[in-house]
Amino acid sequence: MVRVSNTILAIFNCITLLIGLVIMGLGLYIFARGSATGCDKVLRNPMIIVGAVITAISLFGLIGSCCRVNFALTLYLILLFLLLLCLIGFTVFAILVTNESFGRAFSKTKIMDFRNWLRDNLGDENHWNDIKSCALQTKICHENNHKKLSDIQSGCCQPPVSCGFVSSNATLWNRPKTSPAVKYSGDCTAWSNHQDTLCFNCESCKAAYVVTSRKKWGQLAIANACFVAFTVIFYSIGCCARSNNQKDSHHRYRGYP
């Protein structure tokens, strides 16, 4: 009789195998296309790695549960356990870099500056160039209507309010002619009406991305915690399936049906 745990594990790994192949296939397609844009570069490597990991783990789980190969199921449990540790580690890390209190407290341990990690990472020249390229590709500033702006649109698609620039339309801002003696500096000089520049070189734009990333990473930490609980459940089912395989092997060795 087919064991329930083996059946559940087989169905689950069939689904995750398909998901892993799709993710890895999309990543390889972006890689093979060659002319990757900023958004593509951000997604390409993580998609290939995540897809390959999910595919490999699912294959071992599928072989172990369907073919009753205990060695494959043991590898599946080991890989799933390592994945579980990675998920827990990433969840803790996401909490430290998004929560001001925790980040400030753990930064005192001198392991790393958790509090400013997002800001420093996003501000890195290579990363920032990819982010700007992705922002231009998605045309986030084309939806700028001056009424309901996101943090990124407010920080990257228009000059800071302190500059006192006057809006001619949704995309054109001019310096006021009434105050020629005002010396502009910082973000005010970084602003350009050119649609490929705007305020993407402004510190206000980087700050907006940091704020948005903190929110996204906070949401990701919550989703990751749920995925950890989900993984623990299927790890337990995998342990039951492995135990079933051992019992079946023992019965066959003894000559039982």
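Because only heavy atoms are used, hydrogens play no part in the values below, and waters and symmetry mates are left out as well, while side chains stay in. None of the values given here were measured: they were computed from a predicted structure. Residue numbers count from 1 along this sequence.
- Of the inter-residue distances, the one linking I57 atom CD1 with L59 atom CG reads 10.5 Å to the nearest 0.5 angstrom.
- When the side chains of ILVMFWY residues are joined at heavy-atom separations under 4.5 Å, either directly or via intervening members, F93 and I222 end up in two distinct hydrophobic clusters.
- Hydrophobic clustering keeps L62 apart from L18 (ILVMFWY residues linked when any side-chain heavy atoms are closer than 4.5 Å, directly or through intermediates).
- Of the possible polar contacts, none joining the S133 side chain to the N129 backbone as a donor-acceptor pair under 3.5 Å is found.
- In terms of modelled atom types and a separation under 3.5 Å, the side chain of N174 and the main chain of V166 share no donor-acceptor contact.
- Cys pair C199/C202: SG-SG separation is below 2.5 Å.
- Heavy atoms only, all atoms of each residue included: C141 and L198 are closest at SG-CD1, 3.5 Å.
- Ion pairing of D151 with K215 is present here, as a side-chain N (NZ or NE/NH1/NH2) and a carboxylate O approach within less than 4.0 Å.
- The two residues R119 and V210 have their closest heavy-atom pair at CA-CG2, 3.7 Å.
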I8 and F234: side chain to side chain contact (heavy atoms under 4.5 Å, CB included), yes or no, with the steps? CA-CA 9 Å; I8 294 174; F234 277 92; 4.0 Å; yes

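- Side-chain atoms of N224 never come within 3.5 Å of backbone atoms of L220 as a donor-acceptor pair (strictly under, hydrogens ignored).
- Of all heavy-atom pairs between S5 and N244, the closest is OG-ND2, 2.6 Å.
- The main-chain N or O of N13 is found under 3.5 Å from a side-chain atom of T16 such that the two form a donor-acceptor pair.
- Here the SG-NZ distance, from C134 to K132, works out to 13.0 Å after rounding to the nearest 0.5 Å.
- Separation of atoms OG (S192) and CH2 (W173) is listed at 14.5 Å; rounding is to 0.5 Å.
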Quick one, W217 with V97, criterion side chain to side chain contact (heavy atoms under 4.5 Å, CB included). Give me CA distance, side-chain angles, the key distance, then yes/no. CA-CA 8 Å; W217 275 58; V97 299; 3.7 Å; yes

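- Between M24 and L28 the shortest side-chain heavy-atom distance falls below 4.5 Å.
- Grouping the Ile, Leu, Val, Met, Phe, Trp and Tyr side chains by contacts below 4.5 angstrom, directly or via other members, places I131 apart from V211.
- Distance check: T91 OG1 to L96 CG gives 11.0 Å after rounding to the nearest 0.5 Å.
- The one candidate from I15, L21, I19 that meets the side-chain contact (heavy atoms from CB on, under 4.5 Å) condition with L17 is L21.
- Inspection of the S65 and N6 side chains reveals no N or O donor paired with an N or O acceptor under 3.5 Å.
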Show your working on side chain to side chain contact (heavy atoms under 4.5 Å, CB included) between L122 and K206 and close with a plain yes or no. CA-CA 7 Å; L122 290 176; K206 295 179 181 180; over 6 Å; no

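- Judged by distance alone, the side chain of Q153 and the main-chain N or O of S150 form a donor-acceptor pair under 3.5 Å.
- The hydrophobic clustering, which links ILVMFWY residues whose side-chain heavy atoms are closer than 4.5 Å, places Y209 and L136 together.
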Given L79 and L83, is the side chain to side chain contact (heavy atoms under 4.5 Å, CB included) satisfied, shown in steps? CA-CA 6 Å; L79 291 173; L83 176 63; over 6 Å; no

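- With ring centers used as reference points, F60 lies 6.0 Å or more from F71.
- The line from SG of C205 to CH2 of W191 is 10.5 Å long, rounded to the nearest 0.5 Å.
- To the nearest 0.5 Å, atoms CG (L82) and CG (L87) are separated by 11.0 Å.
- By the rule that hydrophobic residues join a cluster once side-chain heavy atoms approach within less than 4.5 Å of another member, L26 and I23 end up as members of one cluster.
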After noting the C-alpha distance and the side-chain angles of C163 and C188, does the key distance pass the disulfide bond (SG atoms under 2.5 Å apart) rule? CA-CA 6 Å; C163 297; C188 298; 2.0 Å; yes

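- A donor-acceptor pair is defined here as one N or O able to donate and one able to accept, closer than 3.5 Å; such a pair exists between the side chain of S204 and the backbone of G155.
- Using a 4.5 Å heavy-atom threshold, the side chains of C157 and L149 count as separate.
- The local environment of CZ in F227 is sparse, with at most 12 non-hydrogen atoms from other residues, nucleotides or ligands closer than 6.0 Å.
- Judged by distance alone, with hydrogens and angles left aside, the side-chain atoms of H127 form a donor-acceptor pair with the main-chain N or O of N121 at under 3.5 Å.
- Counting only heavy atoms from C-beta outward, the side chains of I54 and V50 approach each other to under 4.5 Å.
- The main-chain N or O of N193 is never found under 3.5 Å from a side-chain atom of T197 such that the two would form a donor-acceptor pair.
- A distance-only check finds no donor-acceptor pair linking the side chain of S58 to the backbone of T55 [under 3.5 Å].
- Looking at heavy atoms from C-beta onward, I237 lies in side-chain contact with I233 at the 4.5 angstrom threshold.
- Remark: aromatic rings of F200 and W128 are distant, center separation not under 6.0 Å.
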